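As the structure is a computational prediction, the values presented were derived from the model and not from experiment.
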Amino acid sequence: MPEPVIAPETTPEPAPELAPQKAPETTAATTEPAEVPPPQIAQDKALVAKAENFPDNLQINYKLTGQERGLNYYASGYLKWQANPASSSPRNYEAELRVRAFLIGNRVWRSQGLLTEDGLAPKRYSDSFRGERAAHFDSAKRTISFSGNTPSTSMQSGAQDQVSLFIQMAAAVSAQNFKTGSELNIQTATTRDAVNWRLTYQSDEAIEVKGERIETQKWVCLPRGKFDSRIEMWLSKTHGGLPVRIKITQVSGNFIDMEMSGTEVPGPLAE
């Protein structure tokens, strides 16, 4: 049997880099000012979670399978969540999603910030792979800035990044009694933009991991535009609401599928 193929330079993003869909430019026939686009929808209050709703420090390990240009590849990774004890002030957190692929190396997405009484308040989000790009959250100016020449954007209340979103969703699922069909809206920052993602509670599904049956809530984030990806996450209340499976499908049909292979308890977050 041939060795599994790992596509070079294609280590997948942990969540789609969703960009707002732009309308085609037109030439105005009159001197009237151009129409101002509607503001983004404010974040749903249902996503707000208190500090006690967040999981204890936990690392979920994943086995990863994917397809790129018709070739299958395999990798491993983990999602690690750490926060200072409740007695700490301020209470810092760090969430890290890491993918390890043979011959390619590691790609790391990291969120750092504060765990407040109203949930996560990211301060810095980074994407590291043969270099680093980052987004910075300025709570005083209510802005999110990005690496390079990308313009800053306004920050909505409760804004998250691609990694902190998983943790905030975990706390919300643990705290709330969502019904299937529920829709949540949240501003989510990548290293290029910060637009609103709409997540839908699609169904209840059971996943089997090493013979253990795990009940989950399946949430889906549909593509915003024709080039965006579809992200699916299976959240398990028995694992603090964290995702035991994450699948991302591109419009081309390429995909990555991360399934839990085990868990471990990480050490305390450095002060």
Side-chain angles (χ1 to χ4, degrees), residues 11-23 25 34 36-45 47-49 54 79-84 89-99 106-169 171-172 184-199 221 223-225 227-229 231 248 269-271:
T11 307
E13 294 283 353
E17 292 276 343
L18 300 177
Q21 197 169 9
K22 297 180 179 179
E25 294 183 359
V36 177
Q40 296 189 43
I41 304 169
Q43 178 190 302
D44 291 276
K45 292 182 179 179
L47 269 166
V48 175
F54 284 81
L79 174 63
K80 181 167 62 175
W81 158 251
Q82 295 170 286
N84 290 139
S89 182
R91 193 176 180 188
N92 296 314
Y93 82 82
E94 183 171 297
E96 178 181 294
L97 181 65
R98 180 182 294 263
V99 171
N106 294 333
R107 186 164 189 172
V108 182
W109 300 266
R110 182 178 290 114
S111 175
Q112 297 168 298
L114 299 176
L115 173 53
T116 73
E117 284 305 311
D118 293 321
L120 297 185
K123 297 176 69 175
R124 187 177 192 272
Y125 167 68
S126 61
D127 175 355
S128 301
F129 180 64
R130 301 176 182 173
E132 183 180 78
R133 297 175 295 166
H136 300 269
F137 295 71
D138 190 326
S139 58
K141 296 180 179 179
R142 306 299 301 170
T143 59
I144 302 174
S145 58
F146 309 95
S147 299
N149 297 321
T150 305
S152 298
T153 189
S154 59
M155 183 173 71
Q156 299 176 20
S157 176
Q160 300 299 321
D161 58 57
Q162 288 188 106
V163 176
S164 68
L165 174 63
F166 291 125
I167 313 301
Q168 187 70 30
M169 280 293 296
L184 301 176
N185 192 78
I186 185 167
Q187 185 186 28
T188 305
T190 70
T191 57
R192 298 184 305 195
D193 59 24
V195 298
N196 286 73
W197 291 10
R198 183 164 293 280
L199 297 99
C221 181
R224 290 176 54 88
F227 298 114
D228 294 333
S229 300
I231 178 171
I248 300 160
L269 182 64
E271 295 286 348

Can you list the residues that meet the salt bridge (charged side-chain N to carboxylate O under 4.0 Å, His left out) rule with [X], with sequence neighbours excluded?
X      : result
Asp138 : none
Arg142 : none
Glu96  : Arg98, Arg110

First locate atom [atom1] of [X], then atom [atom2] of [Y], and finally report the distance between them rounded to the nearest 0.5 Å.
X      : Y      : atom1 : atom2 : result
Leu115 : Gln82  : CG    : CD    : 13.0 Å
His136 : Asp161 : NE2   : CG    : 12.0 Å
Leu79  : Leu97  : CG    : CG    : 5.5 Å
Met169 : Leu184 : CE    : CG    : 5.5 Å
Glu94  : Ile167 : CD    : CD1   : 11.0 Å

### Ser128: side-chain hydrogen bond (donor to acceptor under 3.5 Å, both in side chains) partners, not counting sequence neighbours
Glu132
### Task
Sequence neighbours left out, what passes side-chain hydrogen bond (donor to acceptor under 3.5 Å, both in side chains) with Asn92? Give chain and number order.
none
Please report the shortest heavy-atom distance between [X] and [Y], naming the atom on each side.
X      : Y      : result
Gln162 : Thr190 : CD-CG2, 3.7 Å
Leu120 : Gln160 : O-NE2, 3.1 Å
Arg124 : Phe137 : N-CD1, 4.3 Å
Pro122 : Ser164 : CG-OG, 3.6 Å
Ala83  : Arg91  : CB-NE, 4.4 Å
Asn84  : Pro90  : OD1-O, 4.2 Å

### Query
Do Ile186 and Leu199 come close enough that some side-chain heavy atom pair is under 4.5 Å?
yes
### Query
Within the distance-only criterion (no hydrogens, no angle test), does the side chain of Gln187 pair as donor or acceptor with the backbone N or O of Ala194 below 3.5 angstrom?
yes
For residues 143-150, dump all side-chain donor-acceptor pairs below 3.5 Å to protein atoms at least two apart in sequence or in another chain.
{"from": "Ser147", "atom 1": "OG", "to": "Ala134", "atom 2": "N", "distance (Å)": "2.7"}
{"from": "Ser147", "atom 1": "OG", "to": "Ala134", "atom 2": "O", "distance (Å)": "3.1"}

### Task
Could you tell me which residues satisfy ring pair (Phe, Tyr, Trp, His ring centres under 6.0 Å) with Tyr93, sequence neighbours excluded, listed by chain and number?
Trp81
### Message
Could you tell me if Thr191 and Asp127 have a donor-acceptor pair between their side chains, going purely by distance under 3.5 Å?
### Response
no
### Query
Within a radius of less than 6.0 Å around NZ of Lys123, do more than 12 heavy atoms belonging to other residues, nucleotides or ligands occur?
no
